[in-house]
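Letters go in sequence order (proteins before strands), and every chain restarts at 1.
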Amino acid sequence: MNFVALAMLVGDRAKYIGILIGITFASLLITQQSSIFTGIMSRTYATITDLPTPDVWVMDQKVQYIDDLKPLQDTELYRVRGVEGVEWATPLYKGLLKARLSNGNFQSCVVIGVDDATLIGAPVEMVEGRVEDLRQNDAVIVDEHSAKGKLARVLPDGSRAPLRIGDSLEVNDHRGVVVGICKVSRTFQSQPVVYTTFSRATTFAPRERKLLSFVLAKAKPGVDPHELCARIQRATGLLAHTGEDFKWVTMRYFLKYTGIPINFGMSVLLGFLVGTIIAGQTFFNFTLDNLRHFGALKAMGATNWRLVKMILLQALLVGVIGWGMGVGGAAAFGRLTANTELAFRMPWQLLGVSGAAVLIICSISALICIWKVARLEPAIVFKG
Amino acid sequence: MSITATSAVTLRGVKKSYGVGEARVTALRGVDLDVRSGELMMLVGPSGCGKTTLISVIAGILDADEGTCSVFGREMHALSGSAKTLWRGATLGFVFQAFNLLPSLTAAENVAVPLLLRDVPRAQAVERATEMLARVGLGDRARSRPSQLSGGQQQRVAIARALVHEPRLIVCDEPTSALDHHTGASVMELMREVALGGDRTLIVVTHDARIFSYADRIAAMDDGQVTRVVRSPSEL
């Protein structure tokens, strides 16, 4: 009877398309909004994921997330290096400094100072120039988006030209010379990212007693990074996280203390409700229109269970197609906006989430119809 | 065709009411009726006399409040709801006033539905359905959809659907009321030619006096009771 169920569904084109539109819309809205939410959340920990080399991030006990800077004394670096199981440990400066643009405007930048000797902490992907050039005088590397956007040079005619290698910019009244353009993930506040050496970054930064933001450490082969974190905490009294843990700590902070989840949650919920209402209503109308036929099938010997299976199959078909179209639409949206400021990230887990949401929508719609058909009196077919 | 003395349907003191309290309506007030195996019995009477309720009870769609209904020796009240549904699928064929063909299926697929409900493979079911369509004179319309067929042709498809699984009892509810006289007559001739055979029994509910002559016996109903059973319309 499966083909009968599918023929009944597809045969009524208008209602079939209506149900599909409802589910597609819900799937699209849920997937797209969740992808933007995921994209924004991934920007909160972009600095961490852009630095894959160290196993462990060491910081002040009170640090709550990556941008919550509570600098350490320089000596903490040596204490971390002294912990058993540490292969190496390097300093990292992270600060928000003002850069003066060629037109006189100021722009806040995330300045990252990497280890002078090893350059650990430097960007992984270079678009132009070499990481090693950071060792030159006043050298800085800027990110590609900012070089073309917020840090772009303003020409005399008012037009803007991308920052290129050899151009200079002023960071907190200190000269910086661009030696490279790199590719990094956008930050939560979309600020330009400027890389330099640790020692130069500390000269850029305002005078403070402590300027060591983090210590990056690598575990010796065979040493579990989580175990190493515990050892560092015991030995130094500092807070230590693996990169993955620090990423989640950062994200949890933003989830807990910002209104982002609620705002996006409302959009997702709205998509879910609208989708449920449209799909449920149309599916229910479709069932009502076919009540006589269901009644006839019942009279001819179709059990309730067989009718339930038919309805579930119909719901499954529209669910799968609607979900696929919605997810496809969201993916197309993501591709179209790939090089814009819009945060969009659609990991495979999100497909599971939107799939589950669509499954719930279809189940609710199907349940309403099943309830109606199960209570259907087959004698309805004898009423002319 | 041969009408045997064996009783296909036996009703004794069947009562059926709808609603409760002041809204209670009595549809059947103690119906006694015997339908013989192999005969075409018509149930006739004015609207609201209980004809449809009576065939619903015979078909196991409605339960009688009182009395007994036995079809081919099986007591209806002894069957559970799902057992009754399966019994209907195996024993009964239906021809409805409004045809009740699925608009998105072809004629052959519509006819195949009772076989599909009995889990006959689709290809085999459609093949048997096509053969049955040929028997009702629609062999060339097997791939047509109901909307492409005339009212008479649709009713022929419905008859083929009622017969395809070889049921022993066919219940027809006003099979000619949506058709003109000529088409109605040809449908009834077809029913006598094709549907009646062996020990198959037909019960036709109608108030269309033009087709009374096709009946072997006619049960006249009034106010929830069978008032007379006659052999010829002239006796009514």
Side-chain angles (χ1 to χ4, degrees), chain A residues 1-20 282-283 285-314 317-318 321 369-371 373-384, chain B residues 18 47 51-57 59-63 81-106 109-110 112-120 122 125-126 145-147 158 161-162 164-165 167 171-174 177-178 205:
Chain A
M1 289 298 287
N2 290 350
F3 100 95
V4 175
L6 299 180
M8 281 171 78
L9 176 69
V10 180
D12 190 342
R13 285 288 158 84
K15 289 225 160 46
Y16 174 59
I17 291 169
I19 299 167
L20 277 185
T282 328
F283 201 49
N285 280 347
F286 161 77
T287 305
L288 283 184
D289 287 353
N290 281 291
L291 222 46
R292 280 191 72 83
H293 299 306
F294 282 120
L297 290 174
K298 224 169 174 175
M300 287 190 284
T303 57
N304 274 339
W305 173 234
R306 195 181 279 271
L307 297 180
V308 165
K309 284 197 289 185
M310 287 174 71
I311 291 171
L312 287 177
L313 180 67
Q314 290 168 340
L317 179 78
V318 290
I321 295 175
C369 300
I370 287 168
W371 172 77
V373 169
R375 286 162 49 99
L376 176 67
E377 190 62 66
I380 185 178
V381 290
F382 291 133
K383 293 170 186 160
Chain B
Y18 300 104
S47 293
K51 303 187 295 288
T52 299
T53 301
L54 188 60
I55 57 162
S56 297
V57 170
I61 288 170
L62 291 177
D63 291 321
S82 56
K84 227 178 272 183
T85 304
L86 293 173
W87 171 83
R88 269 202 310 271
T91 316
L92 265 62
F94 289 91
V95 178
F96 306 108
Q97 179 183 351
F99 320 135
N100 284 322
L101 301 175
L102 289 162
S104 47
L105 300 185
T106 64
E109 288 166 345
N110 265 294
V113 165
L115 296 173
L116 296 170
L117 285 171
R118 299 180 71 185
D119 295 323
V120 175
R122 184 180 166 190
V126 172
R145 296 193 188 276
S147 59
R161 182 178 64 183
V164 73
H165 56 304
V171 175
C172 309
D173 180 42
E174 306 278 7
S177 66
V205 166

Participant: Answer with side chain, backbone, both or neither: which region of B:Leu92 has an atom nearer than 4.5 Å to a non-hydrogen atom of chain A?
Facilitator: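 Neither the backbone nor the side chain of B:Leu92 comes within 4.5 Å of chain A.
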
Participant: For the CG atom of A:Leu297 and the OG1 atom of B:Thr85, what is their distance to the nearest 0.5 Å?
Facilitator: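 OG1 of B:Thr85 is found 12.0 Å from CG of A:Leu297.
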
Participant: Testing the basics here: between B:Ser104 and A:Ala7, what is the closest heavy-atom pair and its distance to 0.1 Å?
Facilitator: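 Distance-wise, the nearest heavy atoms are OG-O, 2.9 Å.
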
Participant: Go through B:Arg161, B:Lys84, B:Glu174 and name the one with the most non-hydrogen pairs under 4.5 angstrom from chain A.
Facilitator: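 Option with the top pair count is B:Arg161.
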
Participant: As an exercise: rank B:Ile55, B:Val205, B:Leu117 by heavy-atom pairs under 4.5 Å with chain A and give me the winner.
Facilitator: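 Heavy-atom pairs under 4.5 Å are most numerous for B:Leu117.
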
Participant: Mind checking whether B:Phe96 and A:Arg292 have side chains closer than 4.5 Å, heavy atoms only?
Facilitator: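 No; the side chains remain at least 4.5 Å from each other.
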
Participant: Show your reasoning for whether side-chain contact (heavy atoms from CB on, under 4.5 Å) applies to B:His165 and A:Met300.
Facilitator: CA-CA 11 Å; B:His165 56 304; A:Met300 287 190 284; over 6 Å; no

Participant: Heavy-atom cut-off 4.5 Å, strictly under: side chain, backbone, both or neither for B:Leu102 against chain A?
Facilitator: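 Contact with chain A involves both backbone and side-chain atoms of B:Leu102.
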
Participant: Taking all atoms of both residues into account, what is the closest heavy-atom pair of B:Leu86 and A:Thr303, and its distance?
Facilitator: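 It is CD2-CG2, 3.8 Å.
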
Participant: Measure across B:Leu116 and A:Met1 and return the closest heavy-atom pair with its distance rounded to 0.1 Å.
Facilitator: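 For B:Leu116 and A:Met1, the tightest heavy-atom pair comes out as CB-SD, 3.5 Å.
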
Participant: Quick check for you: to the nearest 0.5 Å, what is the distance between A:Phe294 atom CZ and B:Asn100 atom CG?
Facilitator: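 If I round to the nearest 0.5 Å, the distance is 13.0 Å.
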
